[in-house]
Amino acid sequence: MIKLKNKQQLELMKEAGRITGEVLYAAGERIREGITTKELDEFIREFIERHGARPTFLGYGGFPGSACISVNEQVIHGIPSDKVILKDGDIVKIDVGAEYKGFTGDSACTFPVGNVSREAKKLIEVTRESFYRGIANAVPGKRVGDIGYGIESYVEENGFSVVRAYVGHGVGHDLHEDPEIPNYGVPGRGVRLCQGMTIAVEPMVNIGGHQVKVLDDKWTVVTADGSLSAHYEHSVAITDDGPLLLTKVC
Ligand code: MG
Ligand code: MG
């Protein structure tokens, strides 16, 4: 069931989104060679709590961290660890949510560590741009398939592939609500978008094939062929004035 948000609920979503966006930005500023993903996770938890919110991911389905932090061929759901030390040339994805007064944001970004390869840079840029190609269609009257097609066609034009096994989703009261928002689709197909919907649009893009697998830790999703992967996500409100990015702070 799709839970539409009224004006008052949207205001709370904006607050939750702002905290989510701010913590993601602040965590990105701390990324450097030598820091562990556990240290980043602790920073994220403290930051969210200091802002009167709760890390949505902590304990969600039993997840042990406050953020998912995934490095290089890891696509999503990486578990923060003091054994994972970032090094020059890595790309690191942070995916995070802050819950505030019963509503949550959900946002992710891929950050380069030091000097990364030209191909890694292109992957990060194409993934980010594909998000904007997708949400250009996030307006009342369009359909979920229009968003997915916008993402998929841009990614494939650039020679990369879109992960199909994991998708975007409604967001708000819960981290994952209806409807699903695939990063692929057919124009004019799928659920019709309308004012009051809040969705997390989150392209996951691989340099190689789209196939992924889950590691023995039961969380970490990696590319099946070991190629690099990038992720970019914002929580977006569908409004009559166009898409409103709830988690974008800069
Ligand atoms: Mg997320
Ligand atoms: Mg999400």
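Counting starts at 1 for both ligands and their atoms, following the listed order. Along the sequence shown, the residues carry numbers beginning at 1.
- Side chains of H77 and Y166: no donor on one and acceptor on the other come within 3.5 Å.
- The Mg ion (ligand 1) lies closest to atom OD1 when only the N/O/S atoms of D106 are considered.
- Taking the ring axis of Y184 as reference, the NZ or CZ atom of R164 stays within 45° of it and closer than 6.0 Å to the ring centre.
- K3 NZ: more than 12 foreign heavy atoms inside a 6.0 Å radius.
- Ion pairing of K213 with E73 is absent here, as no side-chain N (NZ or NE/NH1/NH2) approaches a carboxylate O to less than 4.0 Å.
- At a threshold of 2.8 Å, the Mg ion (ligand 1) has no backbone or side-chain N, O or S atom of E202 nearer than that distance.
- Taking the N/O/S atoms of D95 in turn, the shortest distance to the Mg ion (ligand 1) belongs to OD1.
- With the Mg ion (ligand 2) at the apex, E233 OE2 and H169 NE2 define an angle of roughly 120° (rounded to 10 degrees).
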